[in-house]
Amino acid sequence: MKLDFLGTLERTHRCGDLRISDEGKTVTLMGWVNRRRDHGDLIFLDLRDRSGITQVVFDKGLDAESHAKAEAARPEYVVAVTGQVTPRGFDEKNPDMLTGDIEVVAGQTLLLNDAKTPPFSPAEDAIANEEVRLKYRYLDLRREQMQKNFAIRSRVAMAIRNYLVGEGFLEIETPFMTRSTPEGARDYLVPSRVHPGNFYALPQSPQIFKQILMVSGFDRYFQVARCFRDEDLRADRQPEFTQIDLEISFPQMKTVFATAEGFLHAAFSAAGIELPSEPFIQMTYDEAIAKYGIDKPDMRLPAMADLSEELTPELRTTLKIEQGLPVLGFVIPKVGELSGTERKKLLSEIRTIFGDCGLDVLDTARLRTNEAFVPLADACAAKISAALTAFNGATLSANDLAVVVTPKLDTPAMWNFDRQWIWKRVGALRLELAKKYADKHKLFEQTGTAKDFKFLWVTDFPMYEWNEESKTWDAAHHPFTAPHEEDIKSGALVNDKGSVRALAYDVVLNGTELGSGSIRIHRKDVQAEIFRSLGMSDEEAKSRFGFFLDALEYGTPPHGGIALGLDRIVMILAGANSLREVIAFPKTAKAIDLMVDAPSEATAIQLRDLHLKVNTRS
RNA sequence: GGGGACGUAGCUCAGUUGGUUAGAGCGCUGCCCUGUCACGGCAGAGGUCGCGGGUUCGAGCCCCGUCGUCCCCGCCA
């Protein structure tokens, strides 16, 4: 069958629009054939566009010409149909479709385009493997779920823009081709044709530009900014991603918090979720480590408990736990009834995981039913139970699993044990176990309400991080982060770098870091001191950030800001498990775009123009 | 860089201890069908078992290597 020309025909409605109230209207729909049901002289086509699906009926007795078109049509053909909106009979309604009370009786029908049989059907709920989906991304994006995800993304981005503009922010763009900024990740580089041997770097974030915009007097800046980092990928990490990047002049930390919370409220509202009006809870970095063993606690799970004080010297002797060693416990809720055998198996599994790193799991238990830690004395179990309950402020249920951990001093890794390291390790185990049972026992079941989302601010990150490899102190955030004023005054910058707290903060949602920011250094003398404290000579600082240090000399206001990952926000709102579900054209774990087949080789001419030689062996 | 899972028809997957001609569902093609909506019925086509090597009388299955996708660690402040 020949294809038809569109001519001057115009679409009057979208495929999800029509209702019983449109009865009798003559409409023109255009869309893709979602499914075709051929009964011989009667054919049904489900016509799909991104708004929905409408059933179109072709009756040979009524219109043989259009019926012939429907006979030729196949899934994913592009079809235009003009016809009358007709109520369906009592037995013919489809309550599962929004348009299920009506159908369009086809008149003039145009086959606007045909389609090869697709490798997988956008109409099916079952999804193909990711390789195929990515190669035929245009077909994958036709799927209802993906169309929904990108509708959410668009609405969320718009809500954030509206909110920030309403708060007096200006959206200002910054360059993609720029100079390496000190974010700590590997840069994507762009060779310069005009300047042999020189390269632009794609921004890891607009950090320096937004600070300079503060110097320029744009006292409230934001940008929906693309960022690029050449590091290995994860489900929640893509080489290019989008941040809501903002900066404020003359802020207190709470100014930044209120702004970020404000646009998160707006963003969630755009996705149909009304967050409570109370401010997000706040927790210092030290507190987060002590209670959760991680700097991005998942507040849907109870905190860990330090049981060290609960164990009397006698109990320690009985249990062969050396005096002075920390003992940590935690509870994973909703694990369900585990039999003694299952618990034993779990215990040995955990011990395998922990084996080499010097921690030992004393035992696991169901506390409520008093099915206590088997090798632990009853008295001890009771105290542990009491301590956990008190610490969590929550009532234990019979389905909760309790785990108690202590270091093993006979393991080489423990000879120089570091308290924080132990806490982090136990925190990791806590998450691992939660993950293990999450699906099985619906630990994180979504209710579709604000209750699913536990936000918090983590504040007072350490300013410096000891780098074991280079034996130097590195900036934990980035070198423009301001330290606490007291820690400057006290001389800790020089004498006790490990104790210096930064005016840096993360916003965390359900164990995911959504965004991160800081109050910046606005004085040149302080900035120079920080560079020196990081072991950077004045000359090196000048050569790397000279332009920025210059800018600081011309009246820089106090300023600070934050950047939040838009992709991650949308991923969570869409209930997706990977950023690839909310990025239209994402890359694989090896940073390849399977659809366009990028990256690709450059031609000899391109390389010559760019003054490059490729060494394929390294 | 390291660890793990997977790779069989267009898609989703099964394939026993290594043994005859590698199967199913969906999809696809043709025919039939006027109330289906995951329509139904009949018939049919469709395979480099990711790729390369090895062991064996014989390999989808065992061994070695390699490629790809996914997940995790490192890395990404």
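We name chains A, B, ... by the order of the sequence lines, and we start the count at 1 in each one. Owing to the predicted nature of the structure, the values given are computational and were not obtained by experimental measurement.
On a pure distance criterion of 3.5 Å, no polar donor-acceptor pair joins the side chain of A:R229 and the base of B:C75.
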Detail all sub-3.5 Å separations between protein N/O atoms and N/O atoms belonging to nucleotides 30-34 of chain B.
unit_1	atom_1	unit_2	atom_2	d
B:G30	OP2	A:R74	NH2	3.4
B:C33	N3	A:D38	O	2.9
B:C33	N3	A:G40	N	3.3
B:C33	N4	A:D38	O	3.3
B:C33	N4	A:D38	OD1	3.1
B:C33	N4	A:G40	N	3.3
B:U34	OP2	A:H39	O	3.1
B:U34	OP2	A:D41	N	3.2
B:U34	N3	A:D59	OD1	3.2
B:U34	N3	A:D59	OD2	3.4
B:U34	O4	A:D59	OD1	3.2

Taking only nitrogen or oxygen atoms into account, show me every contact under 3.5 Å that the protein makes with nucleotides 8-15 of chain B, one pair per line with its distance.
unit_1	atom_1	unit_2	atom_2	d
B:G10	O2'	A:P119	O	2.8
B:C11	O4'	A:P119	O	3.1
B:U12	OP1	A:N129	N	2.6
B:U12	OP1	A:N129	ND2	3.0

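The side chain of A:T117 places no N or O atom within less than 4.0 Å of a non-bridging phosphate oxygen (OP1 or OP2) of B:C28. Between A:R37 and B:U36, a side-chain N or O to OP1/OP2 separation shorter than 4.0 Å is absent.
For A:K60, the side chain to side chain donor-acceptor pair (under 3.5 Å) test picks out no residue, with sequence neighbours left out. In this structure, the side chain to side chain contact (heavy atoms under 4.5 Å, CB included) partners of A:A502, at least two apart in sequence or on a different chain, are A:M463, A:T481, A:A504. Checked against ring-ring contact (aromatic ring centres under 6.0 Å, His included), A:Y285 has the following partners two or more places apart in sequence or in another chain: A:F461. With sequence neighbours excluded, no residue satisfies ring-ring contact (aromatic ring centres under 6.0 Å, His included) with A:Y200. The side chain to side chain donor-acceptor pair (under 3.5 Å) test applied to A:D245 returns A:K210, A:Y221, not counting sequence neighbours. Residues satisfying the side chain to side chain donor-acceptor pair (under 3.5 Å) test with A:H484, not counting sequence neighbours, are A:D460. Judged as a ring-ring contact (aromatic ring centres under 6.0 Å, His included), and not counting sequence neighbours, A:Y77 has no contacts.
For the pair A:D46 CG and B:G35 C1', the computed distance is 13 Å after rounding to whole Å.
Taking every side-chain heavy atom of A:R234 into account, B:C75 is the closest of B:C70, B:C37, B:C75. The A:R88 side chain lies nearest to B:U36 when the options are B:G68, B:U36, B:C70. Comparing B:C76, B:A38, B:G68 against the side chain of A:R35 picks out B:A38 as the nearest.
The pair A:D46-A:R37 meets the salt-bridge criterion, since a charged nitrogen lies less than 4.0 angstrom from a carboxylate oxygen. A salt bridge is defined here as a Lys NZ or Arg NE, NH1 or NH2 lying under 4.0 Å from an Asp or Glu carboxylate O, and A:D236 with A:R568 meets this definition. Ionic pairing of A:D38 and A:R36 is present here: one or more N-O contacts between side-chain nitrogen and carboxylate oxygen are shorter than 4.0 angstrom.
For RNA chain B, no neighbouring residue in residues 135-146 of chain A is found when judged by any heavy atom under 4.0 Å.
The pairing partner recorded for B:A59 is none, the criterion being a Watson-Crick or G-U wobble arrangement whose two distances lie under 3.5 angstrom. The pairing partner recorded for B:A77 is none, the criterion being a Watson-Crick or G-U wobble arrangement whose two distances lie under 3.5 angstrom. Applying the Watson-Crick and G-U wobble criteria (two distances, each under 3.5 Å), B:U20 pairs with nothing in any strand.
Nucleotides B:C70 and B:U12 place their P atoms 14 Å apart, quoted to the nearest Å. With P as the reference atom, B:G23 and B:U66 are 34 Å apart, rounded to whole Å. Nucleotides B:C33 and B:A43 have their C1' atoms positioned 15 Å apart, rounded to a whole Å. The gap from the P atom of B:G35 to that of B:G25 amounts to 27 Å, rounded to the nearest Å.
Pairs of residues two or more places apart, or lying in two chains, that qualify as ring pair (Phe, Tyr, Trp, His ring centres under 6.0 Å) and include a residue from residues 31-53 of chain A are A:H39-A:F44. The stretch residues 64-73 of chain A participates, sequence neighbours left out, in these salt bridge (Lys or Arg N to Asp or Glu O under 4.0 Å) pairs: A:D4-A:K69.
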